[in-house]
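Computed from heavy atoms alone, side chains included, the values below leave out hydrogens, waters and symmetry copies. This is a predicted model, so every value here is computed, not measured.
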Amino acid sequence: MADEDDLEELLEELDTQGDLETAEQVLSLRIEKRRYDKPVTIIEGFDLPQSELKSTASALKSALGTGGTVDEGRIELQGDHRDRVPDLLRERGFEIRE
């Protein structure tokens, strides 16, 4: 039983550390015009493993109902989402530079 308690404490400690690292990241948000003058929302400044970055991108795409990709450590979302993305990222614990 003592081993289970120690394991739970360790998992909670690891999760707390992850939240701290997320809160320390300051992300930037910008819009680029691409082919045919279509806007693309670009979020940069992540310091996450590729799997977590893809998970974050997937959550944003689902919440916004749009397509996108992860490219060179940044998330690119189809369309102009400057108004909604900051709030969604703050909910996930990130700091946004505006």
Straight-line distance of R84 CZ to L89 CG, nearest 0.5 Å:
12.0 Å
Pair D87-I96, side chain to side chain contact (heavy atoms under 4.5 Å, CB included): steps then yes or no
CA-CA 9 Å; D87 293 334; I96 305 294; over 6 Å; no
Taking all heavy atoms of G67 and all of K61, pick out the closest pair and write down the distance.
C-CD, 3.7 Å
Sidechain-backbone polar pair: S62 side chain, S58 backbone, donor-acceptor under 3.5 Å
yes
Any idea which heavy atoms bring L77 and H81 closest together, and the distance?
CB-CD2, 4.2 Å
Are the side chains of F94 and L48 in touch, meaning some heavy atoms are under 4.5 Å apart?
yes
For the student: nearest non-hydrogen atoms of I31 and P39, plus distance:
CG2-CB, 4.0 Å
Pairwise side-chain contact, T66 with L60, heavy-atom cut-off 4.5 Å (strictly under):
no
Measure from the side-chain N and O atoms of T56 to the backbone N and O of E52, and report whether any donor-acceptor pair falls under 3.5 Å.
yes
Lys/Arg-Asp/Glu bridge criterion (N-O < 4.0 Å) met for E95, R97
no
Is there a side chain to side chain contact (heavy atoms under 4.5 Å, CB included) between R30 and E44 once you walk through the steps?
CA-CA 8 Å; R30 63 186 170 92; E44 299 175 305; 3.2 Å; yes
Tell me if a side-chain donor or acceptor on R34 pairs with a main-chain N or O of Q78 at a distance below 3.5 Å.
no
Please report the interatomic distance CD1(I75) to CD1(I43), rounded to the nearest 0.5 Å.
5.0 Å
Please tell me if the side chains of L88 and L64 come closer than 4.5 Å, counting only heavy atoms from C-beta onward.
yes
Are any non-hydrogen side-chain atoms of L27 and L29 less than 4.5 angstrom apart?
no
Hydrophobic cluster membership, V70 vs I42, 4.5 Å side-chain cutoff:
no
